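Just so we're clear, the structure is a prediction, and the values are computed from it rather than from any experiment.
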Amino acid sequence: MVDVPVNCFFQGCYNPEFEKEIEKCKKICFEYNKLNPFDRETQTEILKGLLGSMGENVIITPPFWCDYGYHIKVGNDFYSNHNLIITDGAEVKFGDNVFIAPNCCFTTAEHAIDPEMRKNGIEIAKPITVGNNVWIGAGSVVLAGVSIGDNSVIGAGSVVTRDIPENSVAVGVPCRVMRKITKEDKNTYPLHESIKDKY
């Protein structure tokens, strides 16, 4: 286990110590992804050994890839669909009752903007926090340093570059809050309404 410096520059690439840990993690992910997708018992055993912490009733549908595994903390009743990617140089923490649609990426890693530093493998890692009762739509990307508040919904295809407050519907590239979740959402769903017409 390695401790990656958080919120400061460090030698991320071309670092044998980190590369060894990542290789170990990728091998575990490879074995996980070869399982029958309904072999929940073996999946749970592998995830308990891979993740930093894990609650009850956690389902991560293969394929799933991460860098270290032990920087990921998952709450109870967590579900992710196919192709979840987590680059967990820094901590990635999910609350309870989180739903993640297919093809989503959570990346704590950012390479240096300066080209010489970047060429030399310098990067930075910033933690990601996802609250309770959050739904992340298909194909979304959550970037380093972001927090998503309780009960919020991130629309499909969004790129989340900044914090999203609780009880919000947020969509877009970059992702921005469109509206608050209200009691009306218990009775209606915008099946055929365009965002432009409604907002």
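- Side-chain N or O atoms of Asn33 include one that pairs as donor or acceptor with a backbone N or O of Cys29 at under 3.5 Å.
- Separating the OG atom in Ser168 from the CE atom in Met178 is a distance of 11.5 Å, to the nearest 0.5 Å.
- Contact of the Leu50 side chain with the Cys66 side chain is registered, since non-hydrogen atoms from C-beta on lie closer than 4.5 Å.
- Under the 3.5 Å distance criterion, the side-chain polar atoms of Asp88 are left unmatched by any main-chain donor or acceptor of Glu91.
- Remark: Lys180 does not engage Asp185 in a salt bridge, criterion side-chain N to carboxylate O under 4.0 Å.
- With values rounded to the nearest 0.5 angstrom, Ile86 atom CD1 is found 4.0 Å from Ile72 atom CD1.
- In this structure, Phe64 has its ring center no closer than 6.0 Å to that of Phe30.
- Atom CG in Leu47 sits 9.5 Å away from atom CZ in Phe78 (nearest 0.5 Å).
- A heavy-atom distance below 4.5 Å is found between the side chains of Phe106 and Leu84.
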* Asked: Between Glu23 and Lys20, does a salt bridge (charged side-chain N to carboxylate O under 4.0 Å, His left out) hold up when you go through it step by step?
  -> CA-CA 5 Å; Glu23 180 181 349; Lys20 184 178 179 182; over 6 Å; no

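- Hydrophobic clustering places Phe18 together with Met1 (ILVMFWY residues linked when any side-chain heavy atoms are closer than 4.5 Å, directly or through intermediates).
- Checked for salt-bridge contact, Lys34 and Glu31 meet the test: a charged N lies under 4.0 Å from a carboxylate O.
- The two residues Ser158 and Gly172 make their nearest non-hydrogen contact at OG-N, 3.0 Å.
- No side-chain donor-acceptor contact under 3.5 Å links Asn120 to the backbone of Ile122.
- With values rounded to the nearest 0.5 angstrom, Phe10 atom CZ is found 8.5 Å from Ile124 atom CD1.
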* **Worked check of salt bridge (charged side-chain N to carboxylate O under 4.0 Å, His left out) between Glu45 and Lys48** => CA-CA 5 Å; Glu45 288 177 15; Lys48 283 181 177 177; over 6 Å; no

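- Under a hydrophobic-cluster definition in which Ile, Leu, Val, Met, Phe, Trp and Tyr are linked whenever side-chain heavy atoms come within less than 4.5 Å, directly or via other members, Val171 and Ile148 are assigned to different clusters.
- Asn132 and Asn97 form no side-chain donor-acceptor contact under 3.5 Å, judged by distance and modelled atom types alone.
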* To do: Using the ring-ring contact (aromatic ring centres under 6.0 Å, His included) rule, take Tyr79 and Phe94 through it: C-alpha gap first, then chi angles, then the decisive distance, then the call.
  => CA-CA 11 Å; Tyr79 176 82; Phe94 298 94; over 10 Å; no

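- Heavy atoms only, all atoms of each residue included: Ala112 and Phe9 are closest at CB-CE2, 4.3 Å.
- Without hydrogens or angle criteria, Asp67 side chain to Ile22 main chain gives no donor-acceptor distance under 3.5 Å.
- Smallest separation of non-hydrogen atoms from Ser152 and Ile164: OG-CG2, 4.3 Å.
- The side-chain heavy atoms of Leu35 and Ile46, taken from C-beta on, include a pair separated by under 4.5 Å.
- Asn7 approaches Pro127 most closely through the heavy-atom pair OD1-CD, 4.0 Å.
- The backbone N or O of Asn83 lies less than 3.5 Å from no partner atom in the side chain of Asn103, so there is not a single donor-acceptor pair.
- Residue Val173 is grouped with residue Val141 when hydrophobic side chains (ILVMFWY) are merged at heavy-atom distances under 4.5 angstrom, including chains of intermediate members.
- Residue Trp65 qualifies as enclosed at atom CH2: its count of foreign heavy atoms under 6.0 Å is above 12.
- The local environment of CZ in Arg176 is sparse, with at most 12 non-hydrogen atoms from other residues, nucleotides or ligands closer than 6.0 Å.
- Val159 has its side chain out of reach of Ser140: every pair of non-hydrogen atoms, C-beta onward, lies at least 4.5 Å apart.
- Under the 4.5 Å side-chain contact rule for hydrophobic residues, Ile181 and Ile136 do not share a cluster.
- Side-chain contact annotation: Asn151 with Asn133, donor-acceptor N/O pair under 3.5 Å present.
- Rounded to the nearest 0.5 angstrom, Lys93 NZ and Ile128 CD1 are separated by 14.0 Å.
- Residues Ile28 and Val92 fall within the same hydrophobic cluster, defined by Ile, Leu, Val, Met, Phe, Trp and Tyr side chains chained together at heavy-atom separations under 4.5 Å.
- Annotation for Arg118: atom CZ counts as buried by contact number, over 12 foreign heavy atoms lying within 6.0 Å.
- A pairwise comparison of heavy atoms in Gly75 and Val58 identifies O-CG2, 3.5 Å as the closest pair.
- Summarising the local packing, NZ of Lys26 is surrounded by more than 12 heavy atoms from other residues, nucleotides or ligands at distances under 6.0 Å.
- The main-chain N or O of Asp77 is never found under 3.5 Å from a side-chain atom of Glu56 such that the two would form a donor-acceptor pair.
- Residues Val74 and Leu51 are in side-chain contact: their nearest non-hydrogen atoms beyond the backbone lie under 4.5 Å apart.
- Side-chain contact, Tyr70 with Glu21: a donor N or O sits under 3.5 Å from an acceptor N or O.
- Side-chain contact between Thr108 and Lys126: absent, with no pair of heavy atoms (C-beta onward) separated by less than 4.5 Å.
- For the pair Ile154/Val160, a side-chain contact is recorded, criterion being any heavy-atom separation below 4.5 Å from C-beta on.
- A side-chain donor-acceptor contact under 3.5 Å links His82 to the backbone of Pro62.
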* To do: Take Thr161 and Val146 through the test side-chain contact (heavy atoms from CB on, under 4.5 Å) and record every step on the way to the result.
  => CA-CA 7 Å; Thr161 61; Val146 164; 5.7 Å; no

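- The two residues His111 and Cys13 have their closest heavy-atom pair at CE1-SG, 3.8 Å.
- The distance from atom CD of Glu110 to atom CD of Glu123, rounded to the nearest 0.5 Å, is 10.0 Å.
- Val142 is not listed as a side-chain neighbour of Cys105, based on a closest heavy-atom distance of 4.5 Å or more.
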